**Q** 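Quick one: this structure, given as structure tokens, is what I'll be asking you about.
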Amino acid sequence: MKIIVIGASGTVGRAVVEELAPRHEIVTVGRSGGQVQADITKIDSVRAMFDKIGKADAVVVAAGSLHFGPLAEVTPEQLNIGLQDKLMGQVNVALVAQHHLNDGGSITLTSGIVAEQPIRYGVDASMVNAAVEGFVRGAAIELQRGVRINVVSPNVLQESMGSYGPYFIGFEAVPAARVAKAYARSVDGLQTGQVYKVF
Ligand SMILES: NC(=O)c1ccc[n+]([C@@H]2O[C@H](COP(=O)([O-])OP(=O)(O)OC[C@H]3O[C@@H](n4cnc5c(N)ncnc54)[C@H](OP(=O)(O)O)[C@@H]3O)[C@@H](O)[C@H]2O)c1
């Protein structure tokens, strides 16, 4: 299959590419890196990306920024970072992908454990990750031509503990390679509307 991996140079994305590349043709996408450049927060950029790549069988999004900070100080603008970047960025990809993917194609988005296990300073992450999962549930029942959509919800990655460690004290970090298996289940499997938790 021809698979578009957005965020391919990231910690999650690199592991996804490593998992999928042995049996699929991969097109890597990033905002600045990758074979094709696109900014998922801009729908025109997403459309241009799909036009440039042409027909594909699957798209994986392993990108999306969030704001981390205390609730007592958070501003609407800061909360909007996650809404515009991680939520609407991924939604933009799904909205365009539904018309571009081949019949029976798949869309795989990314949420995170904080959707259901909140952490200090994580209100944007809890809100946005839960919303991504809500979008996937809603979209799955309406997608046409056999196109599927799922979301992977990773625990914090072992590879990211250097930067995220202080936020995730007490969490059992998981290896990126294990998280990547969930993306493979979504891409190579047949399920739709699923939240694949890798906790
Ligand atoms: N790391 C973790 O422990 C962890 C745990 C749970 C969930 N997650 C989620 O997994 C996703 C990826 O996290 P990560 O740690 O792998 O991030 P990362 O290492 O910072 O990598 C982010 C990737 O996304 C690309 N990207 C960023 N903004 C983009 C945009 N607007 N349009 C297109 N591509 C964009 C970057 O490309 P360029 O470098 O070319 O800009 C890069 O390839 C995020 O949604 C994160 O919340 C991560």
Side-chain angles (χ1 to χ4, degrees), residues 4-19 26-50 52-53 59-68 79-97 107-119 121-133 135-136 150-183 186 195-199:
I4 303 167
V5 179
I6 302 174
S9 69
T11 311
V12 174
R14 282 197 306 274
V16 171
V17 171
E18 201 166 312
E19 166 67 33
I26 309 295
V27 181
T28 59
V29 177
R31 189 157 33 189
S32 52
Q35 295 163 305
V36 176
Q37 285 74 50
D39 181 351
I40 60 171
T41 65
K42 299 188 168 57
I43 190 95
D44 287 345
S45 177
V46 174
R47 287 198 189 101
M49 176 201 76
F50 276 103
K52 186 166 184 182
I53 294 170
V59 61
V60 171
V61 190
S65 300
L66 295 164
H67 171 76
F68 286 90
L79 291 176
N80 204 30
I81 293 172
L83 290 174
Q84 292 307 319
D85 204 295
K86 183 161 181 176
L87 176 60
M88 286 312 299
Q90 298 197 88
V91 168
N92 285 339
V93 173
L95 293 180
V96 181
I107 301 161
T108 308
L109 307 185
T110 301
S111 60
I113 191 171
V114 179
E116 58 188 88
Q117 296 189 29
I119 57 171
Y121 303 151
V123 70
D124 193 35
S126 291
M127 174 177 73
V128 166
N129 285 328
V132 173
E133 294 175 8
F135 173 81
V136 165
N150 297 298
V151 53
V152 175
S153 178
N155 199 332
V156 65
L157 270 58
Q158 287 175 355
E159 290 81 350
S160 300
M161 283 301 271
S163 42
Y164 295 157
Y167 295 104
F168 286 93
I169 291 166
F171 286 66
E172 285 186 56
V174 295
R178 185 150 89 78
V179 171
K181 298 279 185 206
Y183 291 86
S186 177
V195 180
Y196 292 109
K197 299 176 186 177
V198 190
F199 290 175

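Order of listing sets the numbers, starting from 1, for every ligand and every atom in it. For clarity, every value in this text was computed on a predicted model and none was experimentally measured.
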**Q** Can you confirm whether Val59 sits close enough to Phe50 that some side-chain heavy atom of one is under 4.5 Å from a side-chain heavy atom of the other?
**A** yes
**Q** Rounded to the nearest 0.5 Å, what's the gap from CG on Asp39 to CG on Asp85? Could you check?
**A** 7.5 Å
**Q** With a heavy-atom distance limit of 4.0 Å, tell me whether Val12 approaches ligand 1 through its side chain, its backbone, both, or neither.
**A** both
**Q** Between OH of Tyr196 and OG of Ser153, what distance do you get to the nearest 0.5 Å?
**A** 13.5 Å
**Q** I want to check something: taking the side chain as every heavy atom from C-beta on, are Arg178 and Val198 in contact at a cut-off of under 4.5 Å?
**A** yes
**Q** Among all the protein's non-hydrogen atoms, which is closest to atom 44 (C) of ligand 1, and how far away is it?
**A** Gly64 O, 3.5 Å
**Q** For atom 21 (O) of ligand 1, what is the nearest protein heavy atom, given as residue, atom name and distance?
**A** Gly10 CA, 3.1 Å
**Q** What is the nearest protein non-hydrogen atom to atom 25 (C) of ligand 1, stated with its residue, atom name and distance?
**A** Gly7 CA, 3.7 Å
**Q** Is ligand 1 under 4.0 Å from a heavy atom in the side chain of Ala173, in the backbone, in both, or in neither?
**A** neither
**Q** Counting heavy atoms not belonging to Phe68, are there more than 12 under 6.0 Å from its CZ?
**A** yes
**Q** Are there more than 12 heavy atoms of other residues, nucleotides or ligands under 6.0 Å from atom CD of Glu18?
**A** no
**Q** Measure the spacing between CG of Asn155 and CZ of Phe168 and express it to the nearest 0.5 Å.
**A** 7.5 Å
**Q** Does any non-hydrogen side-chain atom of Leu157 lie less than 4.5 Å from one of Val179?
**A** yes
**Q** Can you check whether Ser111 has an N/O within less than 3.5 Å of an N/O in ligand 1?
**A** no
**Q** For a side-chain contact (heavy atoms from CB on, under 4.5 Å) with Val128, tell me which candidate from Val123, Ile81, Leu83, Val114 qualifies.
**A** Leu83
**Q** Show the atoms of ligand 1 that are less than 4.0 angstrom away from any heavy atom in Pro154.
**A** 6 (C), 7 (C)
**Q** Is Ala38 in polar range of ligand 1, meaning some N or O pair under 3.5 Å apart?
**A** yes
**Q** Given Leu109, Ile40, Leu87, Val16, which one has a non-hydrogen atom that is nearest to atom 32 (N) of ligand 1?
**A** Ile40
**Q** In Å, rounded to the nearest 0.5 Å, how long is the span from CD1 of Ile40 to OG of Ser45?
**A** 9.5 Å
**Q** Just need the protein heavy atom nearest to atom 5 (C) of ligand 1, so name the residue and atom and give the distance.
**A** Asn155 O, 3.4 Å
**Q** So if I apply the side-chain hydrogen bond (donor to acceptor under 3.5 Å, both in side chains) rule between Ser111 and each of Glu116, Lys86, Glu133, which one comes out positive?
**A** Glu133
**Q** Hey, is ligand 1 close enough to Leu66 that some N/O pair sits below 3.5 Å?
**A** no
**Q** Under 3.5 Å between some N or O of ligand 1 and some N or O of Tyr164?
**A** no
**Q** Checking a contact table here: which protein heavy atom is nearest atom 36 (C) of ligand 1, and how many Å away?
**A** Ser9 OG, 4.3 Å
**Q** Side chain, backbone, both or neither: which part of Ala62 comes within less than 4.0 Å of ligand 1 when only heavy atoms are counted?
**A** backbone
**Q** What protein heavy atom sits nearest atom 26 (N) of ligand 1, and how far away is it?
**A** Ala63 CB, 3.7 Å
**Q** Could you tell me if the side chain of Val96 sits less than 4.5 Å from the side chain of Asn92, heavy atoms only?
**A** no
**Q** With atoms numbered from 1 as shown, which atoms in ligand 1 lie under 4.0 angstrom from a non-hydrogen atom of Val156?
**A** 3 (O)
**Q** State whether the shortest distance between N or O atoms of Leu157 and N or O atoms of ligand 1 falls below 3.5 angstrom.
**A** yes
**Q** Does Glu19 have any salt bridge (Lys or Arg N to Asp or Glu O under 4.0 Å) partners at least two apart in sequence or in another chain, and if so, which?
**A** Arg23, Lys181
**Q** For Ser32, counting its heavy atoms only, list the atoms of ligand 1 lying under 4.0 Å from any of them.
**A** 38 (P), 39 (O), 40 (O), 41 (O)
**Q** For Val29, which part has a heavy atom under 4.0 Å from ligand 1: side chain, backbone, both, or neither?
**A** neither
**Q** Could you tell me if the side chain of Leu79 sits less than 4.5 Å from the side chain of Met127, heavy atoms only?
**A** yes
**Q** State whether the shortest distance between N or O atoms of Thr11 and N or O atoms of ligand 1 falls below 3.5 angstrom.
**A** yes
**Q** For ligand 1, is there an N or O atom under 3.5 Å from any N or O atom of Gly33?
**A** yes
**Q** Is there a polar contact between ligand 1 and Ser160, counting only N or O atoms under 3.5 Å apart?
**A** yes
**Q** Using a 4.0 Å cutoff against the non-hydrogen atoms of Asp39, which atoms of ligand 1 qualify?
**A** 30 (C), 31 (N), 32 (N)
**Q** At what distance is the nearest protein heavy atom to atom 34 (N) of ligand 1, and which residue and atom is it?
**A** Arg31 N, 3.4 Å
**Q** With a 4.0 Å cut-off, strictly under, does atom 39 (O) of ligand 1 pick up any protein heavy atom?
**A** yes
**Q** Rounded to the nearest 0.5 Å, how far does CG of Leu109 lie from CZ of Phe135?
**A** 7.0 Å
**Q** To which protein heavy atom is atom 46 (C) of ligand 1 closest, and what is the distance rounded to 0.1 Å?
**A** Lys86 NZ, 3.7 Å
